[in-house]
Amino acid sequence: MQQKTPYPEGTNQNPGASAIGHLARLHDLHDYKVAHGEPHVRGWHVKTADGREAGKVDDLIVDTEAMQVRYLDVELDKKTFKLDEDRHVLLPIRDARLDDDEDEVVLGAMTADQLTALPPYRPGDAIASGAMPPPRAEDTQQFYGKRGGTGGVQRMTLSEEEMRVGKREKQAGEVDVHKSVESEHVSKRVPVSHEEVSVERQPVSGDTPRAGSRIAEDEVRIPVSAEEAVVEKRTVPKEEVVIRKKQVQGEQNVEADLKKERVDVDRSGGAKDQDKRRH
């Protein structure tokens, strides 16, 4: 019996894309989770029908349109298959089932050789949707068996507050520029001149009397002049004050309390979870 290939050759030639169409790794879907009450098989060991260790479930491949698990991303066991490096393959759930008692995935009709014959898959490579028909209801029922499950996933939206800081202009104050008058006492020495009267007496020579000579009272007035300092004040411009304003860039620390939602996963019984968060 020739094993069907769950995705076409060459789908790992486009690294960097984790989904094409409606298929994506659950690890990359931040707002998806395994439906409540469904077995979460990530981290479970994969065994062959005869009990040989085949690998471990690294992730689930989800059809985001049908909200169903389509494939298991299985990391093959290096020791069992004598591998030199890590190797992943995509295992359709129609070719496996859950163990009734242990947290293990058991291969159905697929042999270990057929498992290793599947094309290598690297997490993050493109996944071709439509490469294999969606699992039928009986395939899903067979996969979960007594564990019960529908292969469903749920979408959960997580919200958080973000701080958006804007700016608005406000009056921070004002600058009042005014001038006042103050008096300063100034002293300056200025040279000035004045007239003085000197009286000089000289004897009269000769014995001949002069006309008009008589004895009487007489008075002579001589005007005397003097310079005085005259203060004259005038206004002279000395300097001018230019008033302008400019913008200066600075920083202001803004603080706020933000709310965010988080997911708490409650497990019961033997349920295991290897939930990862991608940053």
Do [X] and [Y] pair up side chain to side chain, a donor and an acceptor below 3.5 Å, judged on atom types alone?
X	Y	answer
E200	Q202	yes
E251	N253	no
D50	T48	yes
H88	D73	yes

Throw together a table of side-chain donor-acceptor distances under 3.5 angstrom for residues 160-177, partners on residues two or more places apart or in other chains.
unit_1, atom_1, unit_2, atom_2, d
E161, OE1, K259, N, 2.8

Could you list who else is in V186's hydrophobic cluster, with ILVMFWY side chains joined at under 4.5 Å, directly or through other members?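 So far as hydrophobic clustering goes, V186 is joined with none.
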Using a 3.5 Å distance criterion without hydrogens, assess whether the side chain of [X] forms a donor-acceptor pair with backbone atoms of [Y].
X	Y	result
E227	H194	no
T80	A54	no
R87	T116	yes

Heavy-atom side-chain proximity of [X] to [Y] below 4.5 angstrom:
X	Y	result
Y71	L23	yes
L90	L118	no
R25	I61	yes
K56	V74	no

Could you pull out the closest heavy-atom pair between [X] and [Y], with the gap in Å?
X	Y	result
D95	M110	OD2-CE, 3.7 Å
A229	V192	N-CG1, 4.1 Å
G108	A49	O-CB, 4.2 Å

Just to verify, which of K47, R97, H45 counts as forming a side chain to side chain donor-acceptor pair (under 3.5 Å) with E104? K47
Strictly below 4.0 Å, N to O, side chains only: are D86 and K78 in salt-bridge contact?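 Yes, this pair counts.
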Option among D100, V106, D99 that satisfies the side chain to side chain contact (heavy atoms under 4.5 Å, CB included) test with E102: D99
